[in-house]
Asker: 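Here you go, one structure.
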Amino acid sequence: MIVMKFGGTSVEDAKAIDRTASIVKGRAGNKPVVVVSAMAKVTDTLLKMAQAAGAGDRESALGLSRGLRERHYNTAGELLGTGVFTRFHGELEGEFDALDELLRGIAAVGELTPRTTDHVAAYGELLSSRIVAEAFSARGLAATLVDSRECVVTDATHMRAVPIFDETNERLALKISPLLDAGRIPVMGGFIGATRNGVTTTIGRGGSDFSAAIVGAGNAEAIEIWTDVDGMLTTDPNLCPDAHRIRVISFDEAAELAYFGAKVLHPATVLPAVQKNIPVFVLNSRNPSCEGTKITARAPHCRNIFKAIAAKKRITIVNVAAPRMLLAHGFLRSIFEAFDRHKVAVDVVSTSEVSVSLTVDSNEAIPALAADLAKLADVKYEGRKAIVCLVGENLRETPGIAARVFGELSDLKIRMISQGASEINLTFVVEEEDVPGVIRRLHSTFFSELDPEVFA
Ligand code: ADP
Ligand code: ASP
Ligand code: MG
């Protein structure tokens, strides 16, 4: 079997879903399992309405829900013939009525918990998977809707639940394998799962890629991530329009890029696949004949030093200075324990004799974390920073690279520099507003000539 995951833009409207159906038709012989995201922007809107309801603003929440209702009705109407649509309309209506009831409940209580947030957020994928399965059937594909909450088992860390692989694989084998054996095409929503007790969870923003990998980790021959660009590109095309397609990239390189901001692929996607040596392809649903990017266990030889540059904004630097203790035995441990207690992940670390600097994604936990750390040492934090990360296997062997990179940026203030432990990334921190300039300058320096075997 293969897993085909379609992101939000690949199911954003009737036209997109129609294209998706044709793409799946072309793979019908390969036993595809289809994983879909919510229609583009729907998750954002759902989270917004949940928050409005949580703040007691019932009318705003219901207003946003009405907008979504209309969009889903219209899309389904365009995709389905009148007869089918009349029946299906009733199903959608039931879903939206339930959502509205939930919103009224949240607004009445005036409190939004992570658990309730997941209930609201899950509607995006529940609805899109229903519409896609129905549209596939109407186009002659033997699609069967599968509720991901019956397959993907997670812990109860709502909004970023962690899948429990053993149980998930058992359930997938029970639910999905018989469908494939019967020649059916299972269609399921990404991003969502449920606890053992059946409480709805979500696995983190952008998590549908991860869902694809979870479903594929069992025994897929390939995982295809269908999106709105030609594959993984040398940098974010929004920052640098002349970014090039990368034909082949190693798992390690792709993981570094994903982790440091290339949102085309969710970082966790790569791990279950790499462990099983399953190739992952990133493909363009608007340009399906393009070969996309193949992610493989080992990188092919490449004449360019770097494969790509990524940037991750909204970073905060936390500086922890310990003037008297110096970096005594156990000091780092106590710092990291504080991060652990607040469930804050650290990206880049640099240390000196008297201080430690760490970068974290800016989030609400920082003030509480800083208060906790202040018991150990002097703490300062600085927001509005960005991590820039250059990735390439050749970094390992090529001398003088840092000089070239920082020479190019000699007029800028560079904070925290790290040449990753993986030896394939060079990472540093800059002011957030410098990111577009930094990316463009580095891109034109390192990608003006391209190895045709690796880049298109
Ligand atoms: P989907 O909805 O299909 O999951 P995403 O929006 O999550 O799509 O990811 C695709 C987007 O990622 C692209 O449209 C592009 O703007 C952005 N992106 C950022 N960095 C890169 C990169 N290095 N290569 C390709 N796309 C990138
Ligand atoms: N719909 C979810 C999100 O927007 C998951 C995904 O699209 O990958 O975060
Ligand atoms: Mg995505």
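Counting starts at 1 for both ligands and their atoms, following the listed order.
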Asker: Judged by modelled atom types alone, do Glu393 and Ser250 share a side-chain donor-acceptor pair under 3.5 Å?
Answerer: yes
Asker: Between Glu224 and Lys5, does any side-chain N to carboxylate O distance fall below 4.0 Å?
Answerer: no
Asker: Tell me if the CD atom of Glu453 is crowded by more than 12 foreign heavy atoms within 6.0 Å.
Answerer: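 No, because the 6.0 Å sphere around CD of Glu453 holds 12 heavy atoms or fewer from other groups.
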Asker: My understanding is that only residues two or more places apart in sequence, or in another chain, count here; which of them pass side-chain hydrogen bond (donor to acceptor under 3.5 Å, both in side chains) with Asp147?
Answerer: Arg149
Asker: Could you give me the CA-CA distance, side-chain angles and deciding distance for Arg160 and Ile203, then say whether side chain to side chain contact (heavy atoms under 4.5 Å, CB included) is met?
Answerer: CA-CA 4 Å; Arg160 47 177 178 198; Ile203 58 175; over 6 Å; no
Asker: Does any pair with a residue in residues 238-265 pass ring pair (Phe, Tyr, Trp, His ring centres under 6.0 Å), and if so which ones, sequence neighbours excluded?
Answerer: His244-His443
Asker: Give me the ring orientation class for Phe6 and Trp226: parallel if the planes are under 30° apart, tilted from 30 to 60°, perpendicular past 60°.
Answerer: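 Geometry flag for Trp226 against Phe6: parallel rings.
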Asker: Once rounded to the nearest 0.5 Å, what's the spacing between atom CD of Glu134 and atom OG of Ser129?
Answerer: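 Interatomic distance, Glu134 CD to Ser129 OG, rounded to 0.5 Å: 11.0 Å.
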Asker: List below, pair by pair, the N or O atoms of ligand 2 and of the protein that are less than 3.5 Å apart, including the distance to 0.1 Å; reply 'none' if no pair qualifies.
Answerer:
residue  : atom  : partner : partner atom : Å
ligand 2 : 1 (N) : Thr43   : OG1          : 2.7
ligand 2 : 1 (N) : Glu125  : OE2          : 2.6
ligand 2 : 4 (O) : Thr43   : OG1          : 3.4
ligand 2 : 4 (O) : Arg205  : NH2          : 3.0
ligand 2 : 7 (O) : Ser37   : OG           : 3.0
ligand 2 : 8 (O) : Gly206  : O            : 3.4
ligand 2 : 8 (O) : Gly207  : N            : 3.4
ligand 2 : 8 (O) : Ser208  : N            : 3.0
ligand 2 : 8 (O) : Ser208  : OG           : 3.3
ligand 2 : 9 (O) : Arg205  : NE           : 2.7
ligand 2 : 9 (O) : Arg205  : NH2          : 3.4
ligand 2 : 9 (O) : Gly206  : N            : 2.8

Asker: Using the side-chain contact (heavy atoms from CB on, under 4.5 Å) definition, which of the options Val34, Val132, Val187 pairs with Val24?
Answerer: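 Among the candidates, only Val34 passes.
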Asker: Between the protein and ligand 1, are there any N or O atom pairs that come within less than 3.5 Å of each other, and if so, what are their names and distances?
Answerer:
residue  : atom   : partner : partner atom : Å
ligand 1 : 2 (O)  : Gly8    : N            : 3.1
ligand 1 : 3 (O)  : Thr227  : OG1          : 2.8
ligand 1 : 4 (O)  : Lys5    : NZ           : 3.2
ligand 1 : 6 (O)  : Lys263  : NZ           : 3.2
ligand 1 : 7 (O)  : Lys263  : O            : 3.3
ligand 1 : 8 (O)  : Thr227  : OG1          : 3.2
ligand 1 : 9 (O)  : Lys263  : O            : 3.4
ligand 1 : 14 (O) : Asp228  : OD1          : 2.8
ligand 1 : 14 (O) : Asp228  : OD2          : 3.4
ligand 1 : 16 (O) : Asn238  : ND2          : 2.9
ligand 1 : 23 (N) : Leu233  : O            : 3.0
ligand 1 : 24 (N) : Leu233  : N            : 2.9

